[in-house]
Amino acid sequence: MSKRRWNARTQMLLTLELAIVLPATALIGYNVWHLRSIQRDRAVEAAIQRDFIHVLKIAEKRMNSQAYKAVEELRSEFPRLNEPTVQKLDRILDRHPEVAHLLLYDHDGGFTGRSQPRRMSDPYFRAECEHLSGFNAWMKIEGEQILQKLRKLEQKDGTPFSFQGYPQPRGDKLGYENYAIMTLPEWPQDRVALGFVMFDSEYLRDHFFPEILDNLLAEEVADPRGGRNVSNPAAMMIHLKKETEPLAASAGWDGGRPEMDRNLEGAFPGLTLAIKFRGTTVEALGQKFLKTSFLIIGGLSVLLAGGIWLTYRNVSKEMALAKLKSDFVANVSHELRTPLSLIRLYAETLEMGRLSGPEKHQEYFRIIRKESERLSALINNILDFSRIEAGKKEYSLRETDLAELVRNTLESYRFQIEQNGFTLEEKIGDDLPPVHVDREAIARSLLNLINNALKYSQDEKYLGVNLYRANGSVKLEVIDRGIGIPRSEQPKIFEKFYRVGDPLVHNTKGSGLGLALVRHIVLAHGGEIGVESGAGKGSKFTITLPLNSGSSSAEAA
């Protein structure tokens, strides 16, 4: 029994740990992790911004690099002094379709401008050509000053050109025009001569910008967790500084507000480069993480609340069981003390020889026998309960005439039934086949049911015992017309130590083990026990035993 108590205690401790300690520890641990995650996500947000800034810088550097390279190549092909200007500019335009206009300004030789002939059908392109005619007057005023600035720039960082960019109307929208001003190679230092290269705005919009952005994003994508963000890759676009509509964009740009932007310098002044995640924002990612965190915290809280409820339920059951055990000890003590006291009292009286006649001797002998039987029944119940609790209760099943067993049991108990003023009515079938049962266990079950009927009947003292065959089984019924059992308490009456909360029940001493033992015996025989009752309407207990109830012996579960 000590080992079993240790196991029950261990089970209780494990239940407490699983129900409260582990969820509470998990909740505390998750809260600590969540606080650290908030700090980490702030760092992640800063890391995302740094990554975006890094990508924007690379994009700007790459666009400038390609633009500078293209201008260097075109500058090397520009006409030298005394070379045919018009023919050479036309050849350059033919080899470079991405160039819209080429201009050469020579203070001494005049102004020469050539435009891409294949684009002359475009009205916007023709408007650009007309606009370029004003360069001559502008250069006459500021050409020398511009040339000096370019030469200083070339001496400083080796770049003999600079870029200008500005928006240009394109119907109801704005386009972007961009040109480079450069010094001319192998021209005299004292001669004011400048070259102009204007790139085709449609080429920049449809090819140059998108290709650079797509290639860059394919190589390097910002990711809030490090590595590549496959689920939400980044997208980029270019727009005019004071506009929000994209001038050009990478594949996958889905609109919305950019996360980061950068004003371009160098080859493309007047433009802004922007970047964001596809289909989401950094704020949305943070909200998603926060929502997930709250769901996890809510789940852990529900788990903890469930654990507290489960622990409260188990502790309440243990407390109720402890109270029932205490009541059991008190009841059993009284039950044992009463027959022992009576046996001792009447034995001492007989020993002293103070009785008047043989009738008194017989009466005292009957009382001693009755109390001895009561004491034996109580001790047998306690011993059986002890074996069941220890898992050592065994039953010896033998082929038995159940009708004979019931008759013999009732006959041995008939005197006590009649002494209590009960009317016994028995209906036992004659055509019952033998049944494999443990004779002693079935007899004890019947006696426990009869004892309950005798204890809890007040006004109408009736006891009925029926034994009959029905639907492949044998049914044994014990019927009384006593105080009955409320429907709400019927599922609990077969639990150990449980007693119905009726005042008469509590005033009647008992161990609370009888029905629990009956249930265990019946289940060990493969049968069932049921009750039909109502408050104040008496009770009918029915034991159902299968006819093919097993082999010659069985062990209790």
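Just so you know, these numbers use all the heavy atoms, side chains as well, and skip hydrogens, waters and symmetry mates.
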Please tell me if the side chains of Pro269 and Gln164 come closer than 4.5 Å, counting only heavy atoms from C-beta onward.
-> no
Output the distance between atom CG (Leu56) and atom CG (Asp51), rounded to the nearest 0.5 Å.
-> 11.0 Å
Mind checking the CG-CG spacing from Leu89 to Asp94? Nearest 0.5 Å is all I need.
-> 12.5 Å
Does one side chain, of Glu177 or Tyr166, offer a donor that lies under 3.5 Å from an acceptor on the other?
-> yes
Glu265/Lys241 salt bridge by N-O under 4.0 Å criterion | no
Ala267 backbone acceptor or donor facing Asn178 side chain under 3.5 Å = yes
How far apart are the C-alpha atoms of Gln189 and Arg151, what are their side-chain angles, what is the distance that settles it, and do they pass the side chain to side chain contact (heavy atoms under 4.5 Å, CB included) test?
-> CA-CA 9 Å; Gln189 292 290 319; Arg151 284 175 176 167; 3.4 Å; yes
Would you indicate whether the side-chain heavy atoms of Leu213 and Leu273 approach each other to under 4.5 Å?
-> yes
Nearest atoms (heavy-atom pairs only) where His101 meets Ser115 = ND1-OG, 2.6 Å
Using modelled atom types only, decide if a donor and an acceptor are shared between the side chain of Arg262 and the backbone of Thr272 within a distance under 3.5 Å.
-> no
Which heavy-atom pair separates Leu184 from Ala193 by the least distance, and what is that distance?
-> CD1-CB, 3.9 Å
Where do Lys276 and Gly255 come nearest, in terms of heavy atoms and distance?
-> CE-O, 3.3 Å
Give a yes or no on whether the backbone of Ala235 and the side-chain of Ser250 come within a donor-acceptor separation of less than 3.5 Å.
-> no
Centroid separation Phe277 to Phe52 less than 6.0 Å = yes
Between Gln116 and Leu93, is there a donor-acceptor pair closer than 3.5 Å when you use the side chain of the first and the backbone of the second?
-> yes
ring-ring contact (aromatic ring centres under 6.0 Å, His included) involving Tyr203 - partner list, sequence neighbours excluded = none
Give the C-alpha distance, both sets of side-chain angles, the deciding distance and a yes or no for side chain to side chain contact (heavy atoms under 4.5 Å, CB included) between His96 and Val197.
-> CA-CA 11 Å; His96 297 277; Val197 176; over 6 Å; no
Verify the neighbour count for atom CZ of Arg487: are there more than 12 heavy atoms of other residues, nucleotides or ligands below 6.0 Å?
-> no
Closest non-hydrogen contact found for Glu60 with Asn263 is OE2-O, 4.2 Å
Answer whether the closest heavy-atom distance between the side chains of Leu515 and Phe541 falls below 4.5 Å.
-> yes
Any side-chain heavy-atom pair of Ile543 and Ile521 under 4.5 Å | no
Pair Tyr176 + Phe199: ring centers closer than 6.0 Å | no
Tell me yes or no: between the side chains of Thr183 and Arg75, is some donor less than 3.5 Å from an acceptor?
-> yes
Taking everything shown except Glu528 itself, do over 12 heavy atoms lie less than 6.0 Å from its CD?
-> no
Show the numbers, then the answer: is there a side chain to side chain contact (heavy atoms under 4.5 Å, CB included) between Glu245 and Lys173?
-> CA-CA 10 Å; Glu245 289 296 320; Lys173 296 183 179 181; over 6 Å; no
Looking at side-chain heavy atoms only, is the closest gap between Trp253 and Pro258 below 4.5 Å?
-> yes
What's the spacing between Leu194 CG and Met139 CE if we round to 0.5 Å?
-> 6.0 Å
Side chains of residues 102-111: which donor-acceptor pairs under 3.5 Å do they make with residues two or more places apart or in other chains?
from, atom 1, to, atom 2, distance (Å)
Tyr105, OH, His107, ND1, 3.1
Asp106, OD1, Asp108, N, 3.2
Asp106, OD1, Arg191, NE, 3.0
Asp106, OD2, Gly109, N, 3.1
Asp106, OD2, Arg191, NE, 3.4
Asp106, OD2, Arg191, NH2, 2.7

Do Val99 and Ile92 pass the side chain to side chain contact (heavy atoms under 4.5 Å, CB included) test, and can you show the C-alpha distance, the side-chain angles, and the key distance before you say yes or no?
-> CA-CA 9 Å; Val99 177; Ile92 295 173; 5.7 Å; no
Do His54 and Arg50 have side chains that get closer than 4.5 Å, going by heavy atoms?
-> no
Taking all non-hydrogen atoms of both residues, which atom of Gly266 and which atom of Phe163 are closest, and how far apart?
-> O-CB, 3.4 Å
List the steps and the verdict of ring-ring contact (aromatic ring centres under 6.0 Å, His included) for Phe268 and Phe208.
-> CA-CA 12 Å; Phe268 302 100; Phe208 183 81; 5.5 Å; yes
Under 4.5 Å between any side-chain heavy atoms of Glu72 and Pro160, yes or no?
-> yes
Looking at CD1 of Ile275 and CG of Leu217, how far apart are the two atoms once the value is rounded to the nearest 0.5 Å?
-> 6.0 Å
Rounding to 0.5 Å, atoms NE2 (His520) and CG (Leu517) come to a distance of 8.5 Å
To the nearest 0.5 Å, atom CG of Leu74 lies from atom CD of Glu98 at 6.5 Å
Are Glu202 and Arg119 ion-paired here, with the side-chain N under 4.0 Å from a carboxylate O?
-> yes
Donor-acceptor pair, Arg205 side chain versus Ala248 backbone, under 3.5 Å?
-> no
Closest non-hydrogen atom pair, Tyr395 against His525 = CD2-CE1, 4.1 Å
Heavy atoms from other residues, nucleotides or ligands near CD of Glu144 exceed 12 (cutoff 6.0 Å) | no
Residues at least two apart in sequence or cross-chain that pass salt bridge (Lys or Arg N to Asp or Glu O under 4.0 Å) with Arg114, listed by chain then number, are Asp90
Contact check, side chains of Phe209 and Leu271, non-hydrogen atoms, under 4.5 Å = yes
What about the rings of Phe135 and Tyr179, do their centers lie closer together than 6.0 Å?
-> yes
SB check Arg62 Glu219 (cutoff 4.0 Å) = yes
